[in-house]
Number of protein chains: 2
Amino acid sequence: MRASRERGDLYAPDCPSRAVLDHVTSRWGVLVLVSLLGGPHRFSELRRLIVGVSDKMLSQTLKLLQHDGFIARDAFLEMPLRVEYRLTSSGVQVAERLAVLTEWIEDSIGAIEGARPK
Amino acid sequence: MRASRERGDLYAPDCPSRAVLDHVTSRWGVLVLVSLLGGPHRFSELRRLIVGVSDKMLSQTLKLLQHDGFIARDAFLEMPLRVEYRLTSSGVQVAERLAVLTEWIEDSIGAIEGARPK
DNA sequence: CAGTATCCTCAATGATACTG
DNA sequence: CAGTATCATTGAGGATACTG
């Protein structure tokens, strides 16, 4: 059993690591991953928690991160339908690292100069 | 002397922390910040290092991060003109946190499922 | 070298409506 | 509830040419 020993190179545009970086640092990807550190969440919960995201973008982001293996989807055949999203083990790894960043930003925002968008 | 005691909230769409997060996690922002952890770099050096970035996007990214106070620009009036970009103290804080993420991705890319773009 | 100025294009994003 | 489908928008991003 061997996982690839090859290391990624973010500075090479064609390296898959660049795509993965883009996924996890995408506009909604960061917030989705960090949200799920608090435990599994339903679609509608994420929708409400991450203010501003649309159905479409949330769905798309979840699919992308599922495909990368960071998120798992559990569907319960109840009535009404219930679906939960949770972090996989590698998902926890990235999410924890992202959380260190987002928490620093939240804590330091008062000291940051031009926090203005646009 | 007091810096704002207010904490940011990334889940609020209008909170400045969201804009800052977008800046530092932007496509080229991550790579620029992490690159500068290795010391000051000239424009052309960054351009060559971060394969795929255009003059325009590099310039734009540098300006945005300067405005946020993460990067400083030093111009030396030599001939030919020399300009160096370096991390500020808060820039070092974010860059270090980003590097933890990027290094994990580079190391783990072999084990990540769908590292496919698009 | 270190950028800026223009033009252009496509893909990311969002609003709306609909489905299982 | 948990999405998908469609359409419209726009702005991020890139190519090219030019400047101090």
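Order of the sequence lines fixes the chain letters, A, B, ..., with proteins taken first and strands second; residue numbering starts at 1 for each chain. Please read all numbers here as calculations on a predicted model, not as lab measurements.
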Exercise for the section: Figure out the CE/P separation between A/M57 and D/dG11, and round it to whole Å. Expected result: 16 Å
Handout entry: Donor-acceptor under 3.5 Å (B/S59 side chain, B/D55 main chain)
Key = no
Exercise for the section: Tell me whether the OP1 or OP2 atom of D/dG11 has a side-chain N or O from A/R27 closer than 4.0 Å. Expected result: no
Exercise for the section: Starting at atom CD1 of A/I71, determine the distance to atom C1' of D/dA2, rounded to an integer number of angstrom. Expected result: 15 Å
Exercise for the section: Kindly say whether A/A111 contributes a backbone atom to a donor-acceptor pair with the side chain of A/S108 at under 3.5 angstrom? Expected result: no
Handout entry: A/L62 vs A/R73 side-chain heavy atoms within contact, under 4.5 Å
Key = no
Practice task
Check whether any side-chain heavy atom of B/Y85 lies under 4.5 Å from a side-chain heavy atom of B/L65, and answer yes or no.
Solution key: no
Practice task
Decide yes or no for A/H41 and A/L36: does some side-chain heavy atom of the first lie under 4.5 Å from some side-chain heavy atom of the second?
Solution key: yes
Problem - Side-chain (B/R47) to main-chain (B/V53) donor-acceptor, under 3.5 angstrom - result: yes
Between the protein and nucleotides 4-6 of chain C, list the N/O to N/O atom pairs that are separated by less than 3.5 angstrom.
| unit_1 | atom_1 | unit_2 | atom_2 | d |
| --- | --- | --- | --- | --- |
| C/dT4 | OP1 | B/K63 | NZ | 2.8 |
| C/dT4 | OP2 | B/S59 | OG | 2.5 |

Exercise for the section: Just call it for B/R47: base, sugar-phosphate, or nothing, with non-hydrogen atoms closer than 4.0 Å on any strand. Expected result: nothing
Practice task
Answer yes when B/E84 and B/R82 have at least one side-chain N-carboxylate O distance shorter than 4.0 Å, and no when they do not.
Solution key: yes
Practice task
Would you kindly give the CG-to-C1' distance between A/L58 and D/dG3, to the nearest whole Å?
Solution key: 10 Å
Exercise for the section: Would you classify B/F76 as touching base, sugar-phosphate or nothing, given that sugar-phosphate means primed atoms plus P, OP1 and OP2, and contacts are heavy atoms under 4.0 Å? Expected result: nothing
Handout entry: Shared hydrophobic cluster for B/W104 and B/V34 (ILVMFWY, side-chain gaps under 4.5 Å)
Key = yes
Practice task
Let me know the distance between CG of A/L62 and P of D/dA2, rounded to the nearest Å.
Solution key: 11 Å
Handout entry: Inter-end axis angle, the helix from C/dC1-D/dG20 to C/dG20-D/dC1, with every axis fitted to five base pairs (rounded, 10 degrees)
Key = 60°
Exercise for the section: Would you kindly give the CG-to-C1' distance between A/D74 and D/dC1, to the nearest whole Å? Expected result: 16 Å
Handout entry: Between C/dG20 (P) and A/M79 (CE): distance, integer Å
Key = 13 Å
Handout entry: D/dA2 OP1/OP2 closer than 4.0 Å to side-chain N/O of A/S44
Key = yes
Practice task
By nearest nucleotide on DNA chain C, pick out whichever of A/L81 and A/G52 is the more 5' one.
Solution key: A/G52
Practice task
Flag the pair B/R7 and A/E106 as a salt bridge only when some basic side-chain nitrogen lies within less than 4.0 angstrom of an acidic carboxylate oxygen.
Solution key: yes
Problem - Spacing of A/D22 atom CG relative to C/dA11 atom P, expressed in whole Å - result: 15 Å
Problem - D/dG3 OP1/OP2 closer than 4.0 Å to side-chain N/O of A/R73 - result: yes
Exercise for the section: May I have the distance from B/R48 (atom CZ) to C/dG3 (atom P), rounded to whole angstrom? Expected result: 14 Å
